[in-house]
Protein chains: 2
Amino acid sequence: MTDAPRISRQFSQRSVMEAIVQGGPISRASIAKLTGLSKQTISEIVRDLEDGGWVRETGRTSGHVGRTAVTYELVVDAAFIVAVDLGGTKVRVAVTDLAGQIVIEDTAPTDLRGGRPLVTQIAGMALSAAEGAKVARDKLRLAVVGVPGAPDNRTGRVLLAPNIRDFDTMDVLEAFRQALGFDVVLENDVNLAALGESWQGQGQGIDNLAYVALGTGIGSGLILGGNLVRGAANAAGEMGFLPIGANPFDPESLRVGAYERAVATHGIIERYETTTGENISVPVIFERAAAGDAAAVAAIDETSRQVACGIAAICAIANPQLVILGGSIGLRPEILERARHFLPQCFPYPVDVVSGELGARAALVGATAVGLSQLHNTLFGVATPNAGLSLPPTGAESSQEAAE
Amino acid sequence: MTDAPRISRQFSQRSVMEAIVQGGPISRASIAKLTGLSKQTISEIVRDLEDGGWVRETGRTSGHVGRTAVTYELVVDAAFIVAVDLGGTKVRVAVTDLAGQIVIEDTAPTDLRGGRPLVTQIAGMALSAAEGAKVARDKLRLAVVGVPGAPDNRTGRVLLAPNIRDFDTMDVLEAFRQALGFDVVLENDVNLAALGESWQGQGQGIDNLAYVALGTGIGSGLILGGNLVRGAANAAGEMGFLPIGANPFDPESLRVGAYERAVATHGIIERYETTTGENISVPVIFERAAAGDAAAVAAIDETSRQVACGIAAICAIANPQLVILGGSIGLRPEILERARHFLPQCFPYPVDVVSGELGARAALVGATAVGLSQLHNTLFGVATPNAGLSLPPTGAESSQEAAE
DNA sequence: GATATTTAGTTCGGTGACAGAACGAACTAA
DNA sequence: TTAGTTCGTTCTGTCACCGAACTAAATATC
């Protein structure tokens, strides 16, 4: 029932599918207009898709001149995707349908043993979540796992992931595939967050953007020319080692990263400690700053200056149109305001800087985006080049079809 | 005679053409094996291409078992491309054939009036060069012009080009089109240099690389995931404003660019002047350093440290596999050596750093690459996605076809 | 209420890009 | 001379897709 339709119709089938996915309930005649294919061909392809269980009749149009049209829509529960955001402390797992809607979601503390136990934990969460939502196991087609590191899809290992034990030495990809029983894609978590904001968040319709996740560490995801940039070792955006903030030639900078020392959690705490002698957590520093503590305000000011410098560095190199701040610290309005204030003082061209609107769920949304687009590729053929992400619209559901 | 073949064969025709371009003299049977298309189809397509004048018989294979094969090769003079490298002081113009070989080249001092006079100068150089090489005017199909700024292909203007007068206010693209009488593409000169090195220079076969041009100013071109990265305003790689080297919040940095102040010509001269009180040119500083002048050596050392920091910044953000140094200062071995020495002290992961091997002609080679690939797109249909640059091989010509 | 107009969708008869089998042509090896 | 191999064509078939003609079903107009 849910077999991939035949291959030779690759392109047309894909574009028909896209029209149905994005056009909500839509008639075959409208699909023909949208895609430029003939009515006859559309009827054939839609029949194939309907036979395959991917698409179904929804009703008829009415109220306009001419014959009423039968409308079709996506069968959202024809297949499901597992989206995972694996963080150093928390694991989020979601099962989403073909419309990108989250069907069920689950969160748990990360199994700190890392390695296989962690893979088992996540696979267990995913499979039991699916069961709980009454999603048949053979409808799960693909999992996308966001990891805090640089996955190498050749070896299946995850490098630069100091927070997850053993992931740099084992074949994580294969372990997930075996534990889950279907295909798995690994991707850097910040990259996924960037894709998430680009799909359903602040970055909609923007081809060049940077997502900066600032928290315990600092990382960024770059979408340039509409494509996610990964770099040679999947380490693009690992900006902790920017030679900014601290002296980059200090051996400590070489270990932790000069920029990470300056802006991430540890840097803020240290900054407050050097002026006051008190070692307190970041949320408390923000509280005290709000209450008027001068040292706390100074620490936040200086951090924001450094954040502005980091954004300047990204802009100087990658020239995004928009920079989205995320992560536990990056999402704080105090940081956003000040970074916006300092940026024009160290970078001459205007750049939009905003907070991510998806918050901590950005990576999960991004994982869904990757999953959907990959699934469409394997099921319905490749998209025409530079068509961007062809995913369901994010807004209101099922608007009555506007004829033309 | 030189009409584009029919459109419906887009994909197959393009891949046959690629096989012929890259496979040197090649038989139809071999093309069939390479492309996976049937012998019958290949014969048809090759006949079309031969009728169009794009391809011709070269001879027959011999010496192996079985029937001899007729071999075909590209008609290199079926069309020509004009490649232009427009610098602040010099203009280079080349006419290249379909194999990417430079047929004729011309250099002249840039018309400092900029604007229309400059366009006229370049068009004149191109057209008379073509005439000199006996290239019929209707065989010129496309010009690619590298400019020191950020071309906006919508408005045809060139922004961020302080060295070329009036290019930021006039429709440069249209002016070139009218002066030349055929299609024109504008591209940033450093981007072209990056593409040049990527095609025929140090970057062959590398999907993620950065080209850093260091001279009077500093700029870089990024090729990430096999694609040239342009950014939102075509200003990706304009790294002069990196907040490194000088204090980025100094108003002077906001004007010139903190990093540009630190590493480009002016910075080196100033560095030498502050220690010795002498204001001398960069080449002289390099001479004195070679002769053992401690202040000169120190100036170069410090500059190289900053170059290493800049490379670190690029690597932290874009994660290229290779960094190629170019430009009058970047090409000096003294800088390369020292940058290689300092880089591991401020960036923990290994990155290859090399000098560009095409020297000052990198941009011209890149312009040819862009022109060829664009021309192939318009003439023979689009390439299959992620096939990379499908350009003639750079090595020895016409090796006898090795059967399989 | 009959007729014109408009739109949806099907049937039918192409066309063009391929594939694949069969076969002749042309060569080498023995 | 014969066997084996490779090249290239011819012939037949398949498949995606188009366009025109036609049917079906609605609204607009008189």
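Letters go in sequence order (proteins before strands), and every chain restarts at 1. Keep in mind that what you see is a predicted model, and the values were worked out from it rather than measured.
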Which whole-number value in Å describes the distance from [X] [atom1] to [N] [atom2]?
| X | N | atom1 | atom2 | answer |
| --- | --- | --- | --- | --- |
| B:Leu37 | C:dA17 | CG | C1' | 10 Å |
| A:Leu49 | D:dA16 | CG | P | 13 Å |
| B:Glu44 | D:dT9 | CD | P | 10 Å |
| A:Lys33 | C:dT7 | NZ | P | 7 Å |
| A:Arg28 | C:dT11 | CZ | P | 11 Å |
| A:Ile31 | C:dT10 | CD1 | P | 12 Å |

Counting heavy atoms from C-beta on, name the nucleotide in [options] closest to the side chain of [X].
| X | options | value |
| --- | --- | --- |
| B:Ser12 | D:dT9, D:dC18, C:dC18 | C:dC18 |
| A:Val65 | D:dC17, C:dC18, C:dT6 | C:dT6 |
| B:Ser38 | D:dG8, C:dA19, D:dC17 | C:dA19 |
| A:Ala69 | C:dA8, D:dT5, C:dA26 | C:dA8 |
| B:Ser43 | D:dG8, C:dA8, C:dA19 | D:dG8 |
| B:Ser27 | C:dC18, D:dG8, D:dC17 | D:dG8 |

Check: A:Leu37 main-chain N/O paired with A:Thr41 side-chain donor or acceptor under 3.5 Å: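 No; judged by distance alone, with no hydrogens or angles, the pair does not exist.
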Categorize B:Ile42 for me: base, sugar-phosphate, or nothing, with a 4.0 angstrom heavy-atom threshold over every strand shown.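 The residue B:Ile42 makes no contact with any strand.
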Distance below 4.0 Å between B:Ser62 side-chain N/O and C:dC27 OP1 or OP2: no
Check B:Arg177 with B:Asp183, please: is the shortest side-chain N to carboxylate O separation under 4.0 Å?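 Salt bridge: yes.
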Heavy-atom side-chain contact between B:Val75 and B:Trp54 under 4.5 Å: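 Of all side-chain heavy-atom pairs linking B:Trp54 with B:Val75, none is under 4.5 Å.
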Within the structure provided, determine whether B:Glu73 and B:Val55 are in side-chain contact (heavy-atom separation under 4.5 Å).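 Not touching, per the 4.5 Å side-chain cut-off.
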Pair partner, C:dA30 [Watson-Crick or wobble, under 3.5 Å]: D:dT1
Position toward the 5' end of DNA chain C (nearest nucleotide), A:Gln40 or A:Thr68: A:Thr68
Which sits closer to the 5' end of DNA chain D, A:Gly63 or B:Tyr72, going by the nucleotide each is nearest to?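 Its nucleotide being nearer the 5' end, the pick is B:Tyr72.
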Less than 3.5 Å apart, any donor N or O on the side chain of A:Ser12 or A:Ser15 sitting next to an acceptor on the other?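 No, no side-chain donor-acceptor pair sits under 3.5 Å.
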Hey, is the side chain of B:Arg67 pairing donor to acceptor with the base of D:dC7 inside 3.5 Å? yes
